[in-house]
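Please read the structure below before turning to the comments.
Being a predicted model, the structure only gives us computed values, none of them experimental. We use all heavy atoms of the structure for the numbers below, so side chains are in, but hydrogens, waters and symmetry mates are not.
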Amino acid sequence: VWEWCWDWGAIYESGYQQNPKGPVSGKYRVLRGGSWYNNPSSVRAANRADNNPTKRNLNVGFRCARTF
């Protein structure tokens, strides 16, 4: 499934970036990764989209993560 991220959606500068910081607020949250619905070449962590965080979809989910 697409994975929800904490970042708010934004247009980033072109070229290589490592973990770019987005805006502090917004309307849409970032989704990463793609899902069973996408072409295999699109299912990767660098694939990004955004959506309203109140919307539900059968190909969107989340991953529990823990820091140490």
Would you give me the side-chain donor-acceptor pairs under 3.5 Å for residues 28-39, sequence neighbours excluded?
| from | atom 1 | to | atom 2 | distance (Å) |
| --- | --- | --- | --- | --- |
| Arg29 | NH1 | Trp6 | O | 2.1 |
| Arg32 | NH1 | Ala45 | O | 3.0 |
| Ser35 | OG | Tyr37 | N | 3.1 |
| Ser35 | OG | Asn59 | ND2 | 3.1 |
| Asn38 | OD1 | Trp2 | NE1 | 3.3 |
| Asn38 | OD1 | Ser35 | N | 2.9 |

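Closest approach of Pro23 to Gly9, counting heavy atoms only: CG-O, 3.7 Å.
Pro40 pairs by the side chain to side chain contact (heavy atoms under 4.5 Å, CB included) definition with nothing, not counting sequence neighbours. Every residue meeting the side chain to side chain contact (heavy atoms under 4.5 Å, CB included) condition with Lys55, not counting sequence neighbours, appears here in chain and number order: Asn51, Asn52. Residues passing the side chain to side chain donor-acceptor pair (under 3.5 Å) test with Arg48, sequence neighbours excluded: Tyr12.
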